[in-house]
Amino acid sequence: MSREISTREIFVGLGARSYPVRVGPGLIDGAGEAMAPLLKRRRTAVVSDETVWALHGARLTAALERAGVAALPVIVPPGEQTKSFEGLAEVTDRLLALELDRGDLITAFGGGMVGDLAGFAAAIYKRGIDFVQIPTTLLAQVDSSVGGKTAIDTPRGKNLVGAFHQPKLVLADLDVLATLPDREMRAGYAEVIKYGLLGDFAFFEWLEANAGAVLAREPKALAHAVARSIVMKAEIVAEDETEQGRRALLNLGHTFGHALEAETGYGAALLHGEAVAAGMALAFRFSAAQGLCATQEAARASAAIAAAGLPASLADAARTPFAAERLVRHMAQDKKAQDGRLTFILARRLGEALVARDVDDRAVETFLRQEGAV
Ligand code: GLY
């Protein structure tokens, strides 16, 4: 990537647990120097998946070695199914076999699955050790690597067992996005546009004009989109680390989206970012149906999502119609639901989201049927 792009450093301000997130090209090459001050022994266990390790493992290992740091690889199979109790047992057992102690550091090197799994392993290994995030997907860079949410899935749902455990450092190297498949790039872009939709109209308008450049990985546009997203995430996390209030806004599109993912099997049929994209379009249209937001604003949100090649409706998300009742049942199991009452992130306008508790499930079901569910 163009060396005209300089590295930006964004702080997540959490008192003694504050940490920097660096965004820029070539950061993996400087990972050893960046991490050395955090190490008591010159070694780190690098948790990664087979795909990421094959593409970028040698580069990270060389960078660590240049700084005299040994990389101890813990490589797991790619895919969401690894983010399970079995996957966690495997990773923690390998960390024990490496005789990692509490003064050591784990490096999570991969996309959201690796970050969540390695982060949760760090949260519980010997009652908690430090970790660093080196996210290698757009989605992980702009969302999951920042803010300390770590978790695994259970057969009953996604991210149901986990902990808040903040990393010590995040290195978002824009160069690695060059090898990211276009579909994953678009899925990550859903989380970028989310920031514009939930809290920054000017950024939303910028994205309307620059989506093509971001998705084509044009260096300046990409750097701006990633950095702006992380600045927003850092501000929200600093204000509400454990999601007692404002952090819930980051779940825009997620209540609808998780239900779509549950129905499509949490896999390649509908990627998480794609489900969130369709979920955000639905959240805006549901907001309009509830009289909260103007219909034209909801249409503009959907148009921006569709223009990025992302699903913006139930029909875009799956060929076979969804069953409204089943979707609502999934929503009632969502972590945000309380006593079975549905919580949604809705919109007042483009750039202003709100938390709506106690949403009537019949209104949601009626809306989903209007959207084509059966
Ligand atoms: N991914 C939403 C959050 O970190 O709160």
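When reading the values below, keep in mind they use all heavy atoms of this one structure, side chains included, and skip hydrogens, waters and symmetry mates.
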Closest contact, heavy atoms only, Leu169 versus Tyr19: N-CB, 4.1 Å
Salt-bridge contact Asp153-Lys158 (side-chain N to carboxylate O under 4.0 Å): no
Any chance the side chains of Thr179 and His56 put a donor and an acceptor closer than 3.5 Å? yes
Kindly list each side-chain donor-acceptor pair under 3.5 angstrom involving residues 35-47, sequence neighbours excluded, with atom names and distances?
unit_1, atom_1, unit_2, atom_2, d
Arg41, NE, Asp104, OD1, 3.2
Arg41, NH2, Glu99, O, 3.3
Arg41, NH2, Asp101, OD2, 3.2
Arg41, NH2, Asp104, OD2, 2.6
Arg42, NH1, Ala67, O, 2.6
Arg43, NH1, Asp104, OD2, 3.4
Arg43, NH2, Leu98, O, 3.0
Thr44, OG1, Leu105, O, 2.9
Thr44, OG1, Thr107, OG1, 2.8

For the residue pair Tyr195 and Leu207, establish whether any side-chain heavy-atom pair is separated by less than 4.5 Å. no
Rounded to the nearest 0.5 Å, the CG atom of Asp361 sits from the CG atom of Leu327 at a distance of 12.5 Å
Electrostatic pair Glu297:Arg349 at N-O distance under 4.0 angstrom: no
If we ignore angles and hydrogens, is there a donor and acceptor under 3.5 Å between the side chains of Glu218 and Asn210? no
Taking Glu191 first and then Lys194, would you say they form a salt bridge - that is, a charged N and a carboxylate O separated by under 4.0 Å? yes
Any donor-acceptor pair under 3.5 Å from Glu9 side chain to Val21 backbone: no
Between Arg8 (side chain only) and Val23 (backbone N and O only), is there a donor and an acceptor less than 3.5 Å apart? no
Are the aromatic ring centres of His165 and Phe131 under 6.0 angstrom apart? yes
Nearest heavy-atom neighbours spanning Pro311 and Leu270: CG-CD1, 4.4 Å
Where Leu260 and Ala317 come nearest, the two heavy atoms and their spacing: CD1-CB, 4.3 Å
Going hydrophobic residue to hydrophobic residue with side-chain gaps under 4.5 angstrom, can you get from Val114 over to Trp53? no
Got a second to check how far Glu80's CD is from Leu117's CG, nearest 0.5 Å? 10.0 Å
Kindly give the heavy-atom pair with the smallest separation between Ala281 and Ala312, and that separation in Å. CB-O, 3.3 Å
Using 4.0 Å as the upper bound for N to carboxylate O, is an ion pair formed by Glu263 and Arg326? yes
Using 30° and 60° as the class limits, which term best fits the ring planes of His258 and His254: parallel, tilted or perpendicular? perpendicular
Is there any side-chain hydrogen bond (donor to acceptor under 3.5 Å, both in side chains) pair reaching into residues 118-131, and which pairs are they, with sequence neighbours excluded? none
Please determine whether a side-chain nitrogen of the Lys or Arg among Arg17 and Glu241 lies less than 4.0 Å from a carboxylate oxygen of the Asp or Glu. yes
Arg285 CZ to Ser313 OG distance, which is reported to the nearest 0.5 Å: 6.5 Å
Before accepting this row, confirm whether a basic side-chain N of the pair Arg183/Glu274 lies closer than 4.0 Å to the acidic partner's carboxylate O. yes
Salt-bridged, Asp173 to Arg59, with N to O below 4.0 Å? yes
Classify the ring geometry between Phe344 and Phe286 as parallel (under 30°), tilted (30 to 60°) or perpendicular (over 60°). tilted
Distance check, rounded to the nearest 0.5 Å: Glu184 atom CD versus Leu177 atom CG? 10.5 Å
Spatial distance of atom OG1 (Thr136) from atom CG (Leu180) [nearest 0.5 Å]: 7.5 Å
Linking I/L/V/M/F/W/Y whenever any side-chain heavy atoms sit under 4.5 Å apart, do Val91 and Leu96 land together? yes
Compute whether any side-chain donor of one residue and acceptor of the other, for Gln81 and Glu86, lie under 3.5 angstrom apart. no
Could you verify whether a donor N or O on one side chain and an acceptor N or O on the other, from Asn159 and Lys149, lie under 3.5 Å apart? no
Measure across Leu252 and Met280 and return the closest heavy-atom pair with its distance rounded to 0.1 Å. O-CG, 3.6 Å
